[in-house]
Protein chains: 2
Amino acid sequence: MKLSKKGEYALRSLIDLGIAADVGRELVQVAELAEKELIPAKFLEQIMQELKSAGFITSQRGKFGGYRLARPADDISIGEIVRLIDGPLAPIGCVSQTSYEKCSCPDEVHCGLRMLMLDVRNAIAGILDRYSLADVVDVTTRKMKRDGIPLPFSHERTHGAARRSAKEQPAAAATKRQQIPADRRLKPVEGILSELFPDYTI
Amino acid sequence: MKLSKKGEYALRSLIDLGIAADVGRELVQVAELAEKELIPAKFLEQIMQELKSAGFITSQRGKFGGYRLARPADDISIGEIVRLIDGPLAPIGCVSQTSYEKCSCPDEVHCGLRMLMLDVRNAIAGILDRYSLADVVDVTTRKMKRDGIPLPFSHERTHGAARRSAKEQPAAAATKRQQIPADRRLKPVEGILSELFPDYTI
DNA sequence: TCTTTTTCATATCATTTCAATAGGAATTAA
DNA sequence: TTAATTCCTATTGAAATGATATGAAAAAGA
């Protein structure tokens with residue numbers, strides 16, 4: 001049930017571009033992304049091309065060029081990205097909603113494995129299609145702020161140009177912080193769900 | 001997020017062995033499994049060896065030999081099987097509960113991607129570790145009976161030996177049904193969940 | 001105009017994984 | 001003794017994975 005390195009790199013870079021957009025940074029170069037995320041730069045270049053031709057990002061060529069998100073981060077679902085890079089979310093072709101493929105089993109209708117895997121695919125898609133890049137960016141930046149870690153991409157890099165003022169996030173997207181008794185904090189799930197909904201339990 | 005062919009074959013065969021156990025069939029040979037499921041026989045042989053050395057099945061060698069489940073089907077979780085054949089359920093190593101691996105990202109604690117993938121891993125494991133082989137077998141045989149399709153493995157194959165009587169299933173495991181208003185019942189999903197709990201919604 | 005820095009485009013490569021295939025040894029029943 | 005089966009190990013071919021390599025095209029600044 002693996003996500004490929006390529007998929008991981010794509011997501012990490014897009015999340016970074018989302019953060020950059022949030023802090024008012026216009027463009028981010030491949031070199032900077034690669035350095036920050038420890039991704040081989042040339043490999044990342046290729047990935048960025050794919051993301052570009054799929055319409056997730058746009059680019060500025062030449063000196064002081066770079067990449068930025070093509071659409072608002074809340075308009076890009078994680079599922080879309082994963083599907084582009086790694087193909088269908090479904091564990092087996094016969095339960096894929098976006099690219100069904102007949103399987104080799106003799107009777108698909110009465111196949112218990114298929115029913116099971118349909119649940120798995122729905123569970124995966126239920127998460128990846130429900131969450132947007134903006135959700136992941138929000139959760140990340142919120143956690144960093146909470147821990148006093150400065151956000152990346154807060155200034156232009158090689159270029160002394162005046163930076164846009166960061167969009168004032170109205171009270172950190174109204175983080176309804178809610179205290180949880182210490183004994184309930186024992187088994188934090190640490191997922192996005194628990195981050196967005198502090199009372200979420202599995 | 002793929003399940004490998006090998007994993008699929010392993011699961012299909014184990015489900016078959018579960019059905020065989022249910023209908024009182026003592027042993028099933030690789031050739032029969034391979035034929036029924038359209039799996040290359042020699043490939044399946046290898047898989048059966050792995051399943052055997054992992055303790056899921058036992059074998060009888062020689063003429064009229066074959067395989068059977070080593071433990072009751074409700075004692076074997078699907079997750080175990082998948083982990084054996086395909087490795088950890090987690091999409092990336094840094095969220096695996098059974099075989100964690102540090103990832104290359106600079107700050108694991110504030111990594112939004114990691115939080116997201118943790119949810120995905122929990123969703124997958126929540127299904128695959130919760131369901132047993134018996135659940136899948138039950139759902140399969142129930143659906144076949146409902147549609148008037150004869151269960152496979154109902155008689156010995158080449159051998160005229162007396163077959164065991166099938167275990168009488170006591171009223172299909174008392175499903176506590178709970179009504180959900182019709183407008184909340186979004187779309188029937190056809191998964192195992194919806195099969196076991198007809199009012200299940202996503 | 002020339003240089004530097006960037007994206008863009010292709011080709012290539014090394015390794016691993018996947019999905020088998022092959023050949024035969026050991027075991028068992030008749 | 002023979003046939004049918006599991007067991008064991010090696011090999012193979014194709015594809016995917018995760019990169020490198022090389023250089024063209026574009027943009028900005030000197």
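Chain A is the first sequence line, chain B the second, and so forth, proteins listed ahead of strands; every chain is numbered from 1.
Salt-bridge check for B/E80 with B/R71: passed, with a basic side-chain N closer than 4.0 Å to an acidic carboxylate O. Taking the charged nitrogens against the carboxylate oxygens, A/D129 and A/R83 do have a contact shorter than 4.0 Å, which makes a salt bridge.
Distance, B/L27 CG to C/dT28 P: 13 Å, rounded to whole Å. The CD-C1' distance, from B/Q29 to C/dA29, rounds to 12 Å in whole Å. Between the C1' atom of C/dC18 and the CD1 atom of B/I39 lies a distance of 15 Å, rounded to the nearest Å. Atom CG in B/L33 sits about 9 Å away from atom P in D/dT6, given to the nearest Å. Following rounding to the nearest Å, A/I47 (CD1) and C/dC8 (P) show an atom-to-atom distance of 14 Å. Computed from coordinates, the B/E37 CD to C/dA20 C1' distance equals 18 Å when rounded to whole Å. For B/E45 and C/dA25, the CD to C1' distance is 12 Å, given to the nearest whole Å. Atom CG in B/L38 sits roughly 12 Å away from atom P in C/dA20 (whole-Å rounding).
Donor-acceptor pairing under 3.5 Å, judged by distance alone, is absent between the side chain of A/R61 and the base of D/dA27. A donor-acceptor contact under 3.5 Å is formed by the side chain of B/K42 with the base of C/dG23. The base of D/dT9 is not paired with the side chain of B/Q49 by any donor and acceptor separated by under 3.5 Å.
Here the closest heavy-atom approach between residue A/L27 and residue A/G65 is recorded as CD1-C, 4.0 Å. Pairing each heavy atom of B/A54 with each of B/L84, the nearest pair is CB-CD2, 3.5 Å.
Nearest-nucleotide mapping onto DNA chain C: of A/K63 and A/M48, the residue sitting toward the 5' end is A/K63. Projected onto DNA chain C by closest heavy-atom contact, A/Q46 and A/K52 fall at different nucleotides, the more 5' of which corresponds to A/K52.
For B/P40, taking side-chain heavy atoms from C-beta onward, the closest of the listed nucleotides C/dA20, D/dA19, C/dT6 is C/dA20. The side chain of B/S4 sits closest to C/dA19 out of D/dC7, C/dA19, D/dG18. Between D/dT20, C/dA9, D/dA27, one nucleotide has an atom nearer to the side chain of A/F43 than all others, and that is D/dT20. Among the nucleotides D/dA28, C/dT28, D/dC7, the one closest to the side chain of B/Q60 is C/dT28.
Applying the 4.0 Å criterion to OP1 and OP2 of C/dA19, one finds that B/Y9 has every side-chain N and O outside that range.
Checked by atom type and distance alone, the side chain of B/K145 never pairs as donor or acceptor with a backbone atom of B/T140 at under 3.5 Å.
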